[in-house]
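Okay, structure first, notes after.
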Amino acid sequence: MIFNDLHGNLDRGQPIFGAVAGKTDLYSTPWSLNLGAPDDFFKTRELIIMGTVAHHFNQSISFNASYMKQYWRENLQEHRTTNSFVPDMDNKPVSSLAMMQFVQRKQNWATDNINAYFNFKFKTGSFLHQALIGYDNQIWEKRKGGQQNAARGFLLKNGSIVSSYNPLKASEYQTVNYNGTIIPKPNVTPFDLNPGAANYQGADFNTLNIITPLTSALTTTHAAYFQHLFTWRKFTILSGIRQEWFQDITNFKETNETSFNNNKLLYRFGITYRLTDNINVYGTYLTGYQPQSNTVTLMPNTSSLTGSAARFKPLTSDLKELGIKAQLFGRISLNLAVYEIYQRNILINANNPSEPDELVQRGADRSRGFEAEFSGHILPQWHIYGGYSYIDAKILDDTNSDLVGKRKENTSKNSVNIWTRYNFSTIEFLKDFGIGAGMLYQSSKVPWFTRSFELPAYTTIDAALYYTPKKTVQLSFNLNNITNKVYWIGAQNYLRLFPGTPRNYLLTATYKF
């Protein structure tokens with residue numbers, strides 16, 4: 001059983017100003033800056049109950065089953081950007097003034113997961129077989145009573161609120177003077193990004209103008225699958241099929257209840273050939289399929305709130321991979337792989353300031369890459385681990401034709417990581433101590449919603465000290481990002497950059513029994 005009771009805040013990212021293509025200063029605001037207000041909160045309460053059972057009928061037949069029940073409740077209040085700057089009367093962005101919205105949300109759901117399978121092991125002639133047959137079931141109910149309210153948009157002189165600013169009707173808008181610039185007055189007080197500016201003084205917003213009951217829903221998935229693995233001489237071959245049935249019910253248990261169904265046969269195939277006792281080559285192919293209910297139902301802040309997931313095509317994918325796994329000199333394991341992944345019908349935010357919850361569907365993207373990983377001992381007391389990844393990720397189809405052929409967002413082409421540990425076991429007075437050091441490199445990335453700037457490449461350096469007085473006890477002290485490097489692991493636009501963790505330390509005590 002797991003019980004979580006969380007009282008915290010959401011961090012929607014660091015905003016910057018000076019949004020000029022090619023001249024943007026990512027250091028124009030401190031990486032600790034948060035647009036939230038002092039009275040914001042994010043409260044969740046979760047209860048998870050799990051159980052498993054396993055039984056071996058004999059050496060050849062076994063059965064495994066598991067069940068999980070989850071109850072989850074959310075209560076949210078926050079100020080966050082609409083992903084845009086406040087416009088002036090000519091509809092040009094004022095790049096030091098973030099357009100804000102105020103959001104309140106309450107929702108709760110319950111989930112049931114069941115997994116069960118039989119495993120059979122047998123031999124026919126020179127063939128060794130392992131067959132698996134199973135069933136999965138997930139029932140996810142988003143319950144009635146949820147609601148998301150918001151305040152955003154602009155105030156008109158007649159007291160009403162509109163979602164966006166129209167410069168052709170500028171005379172109809174209330175206005176305010178910001179540092180000598182006349183702007184249409186937002187419903188929610190904007191956030192001034194200038195250093196030392198006073199924010200959230202007095203009334204923060206005029207009125208909640210979007211009151212939306214969250215649609216109740218029931219998402220059910222059933223799946224039956226069969227997998228067969230057999231070994232013959234130097235070959236190991238895996239094949240599997242999985243039939244999935246999906247049902248999505250919108251407005252569950254209400255008079256206007258509607259439903260739709262999906263089903264899909266998925267398959268996978270893999271083959272391994274043992275070149276030598278220490279070197280294996282392999283190839284694999286598998287397919288994926290997922291209706292968009294998870295995104296639309298789970299994340300109401302990124303959906304139209306009241307619509308059905310049926311309006312979006314299911315996410316489909318396939319993976320092809322070739323690789324080598326080797327054991328070198330009896331000490332070092334080496335893995336090399338090349339792969340290609342296709343994804344179709346990806347859901348992304350429309351980046352529409354007047355409708356910040358709107359989603360659109362991307363046609364397809366493709367990732368091709370190479371990965372290398374090694375791990376082992378240079379000496380008995382000296383361990384090393386390292387990896388390199390190259391990803392060529394491109395957009396193949398998009399509603400915005402200008403994006404076709406461009407690199408995929410928030411993806412680094414090159415990544416390198418190395419970690420090594422040395423134990424002073426051969427030196428008597430230091431035999432209980434060890435040291436570790438490592439580095440991580442990530443090349444540049446393109447943000448999700450703008451290509452007018454890049455997140456720069458970065459390198460972080462870590463170190464550790466170990467003390468192991470007994471085989472059952474270890475104390476370790478890790479110092480991460482030693483140089484306190486300022487870097488960003490991802491971004492959406494000028495107003496949502498996600499900084500990496502600054503210098504930090506971790507003290508760990510481990511006891512084995």
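- Using cut-offs of 30° and 60° on the angle between ring planes, the pair W72 and W109 is parallel.
- Under the side-chain contact (heavy atoms from CB on, under 4.5 Å) criterion, A463 pairs with I482, sequence neighbours left out.
- Not counting sequence neighbours, the partners of F498 by the side-chain contact (heavy atoms from CB on, under 4.5 Å) test are I489, Q492, R496.
- Residues passing the side-chain contact (heavy atoms from CB on, under 4.5 Å) test with Y285, sequence neighbours excluded: Y267, T287, D318, K320.
- Side-chain contact between L495 and L193 is present, with heavy atoms from C-beta onward closer than 4.5 Å.
- A centroid separation of less than 6.0 Å is found between the aromatic rings of F246 and Y289.
- Remark: Y27 pairs with W488 by the ring-ring contact (aromatic ring centres under 6.0 Å, His included) rule, at least two apart or across chains.
- With Y282 as reference, E321 is the one residue of R274, E321, K325 to meet the side chain to side chain donor-acceptor pair (under 3.5 Å) rule.
- Among residues two or more places apart in sequence or in another chain, the ring-ring contact (aromatic ring centres under 6.0 Å, His included) test is passed with F424 by Y422.
- For the pair S444/P456, no side-chain contact is recorded, criterion being any heavy-atom separation below 4.5 Å from C-beta on.
- The side-chain contact (heavy atoms from CB on, under 4.5 Å) search around I384 returns F374, I378, T420, not counting sequence neighbours.
- Contact check for F312 versus N345: no side-chain heavy atoms found under the 4.5 Å cut-off.
- For the side-chain hydrogen bond (donor to acceptor under 3.5 Å, both in side chains) test, residues two or more places apart in sequence or in another chain that qualify with N137 are H222.
- For the residue pair Q381 / N423, no side-chain donor-acceptor distance below 3.5 Å is found, with atom types taken as modelled.
- Applying side chain to side chain contact (heavy atoms under 4.5 Å, CB included) to I324 and the options I279, V338, L334, N335 leaves one that passes, I279.
- A heavy-atom distance below 4.5 Å is not found between the side chains of S401 and L403.
- Listed by chain and number, the residues in a ring-ring contact (aromatic ring centres under 6.0 Å, His included) with Y117 amount to none (sequence neighbours excluded).
- Residues forming a side-chain hydrogen bond (donor to acceptor under 3.5 Å, both in side chains) with D112 (at least two apart in sequence, or on another chain): Y67, K69.
- For F370, there are no ring-ring contact (aromatic ring centres under 6.0 Å, His included) partners two or more places apart in sequence or in a different chain.
- A donor-acceptor pair is defined here as one N or O able to donate and one able to accept, closer than 3.5 Å; no such pair exists between the side chain of S412 and the backbone of Q442.
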Listed pairs under 3.5 Å, donor-acceptor, residues 224-239 side chains, sequence neighbours left out:
{"residue": "H228", "atom": "NE2", "partner": "H129", "partner atom": "ND1", "Å": "2.9"}
{"residue": "W232", "atom": "NE1", "partner": "S126", "partner atom": "OG", "Å": "3.4"}

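- Sorted by first and then second residue, the salt bridge (charged side-chain N to carboxylate O under 4.0 Å, His left out) pairs involving residues 384-401 (not counting sequence neighbours) are R362-D398, R366-D392.
- Between the side chains of N480 and N478, no donor-acceptor pair is found at a separation under 3.5 Å.
- Sparse packing is recorded around CH2 of W382, with 12 or fewer heavy atoms of other residues, nucleotides or ligands lying under 6.0 Å away.
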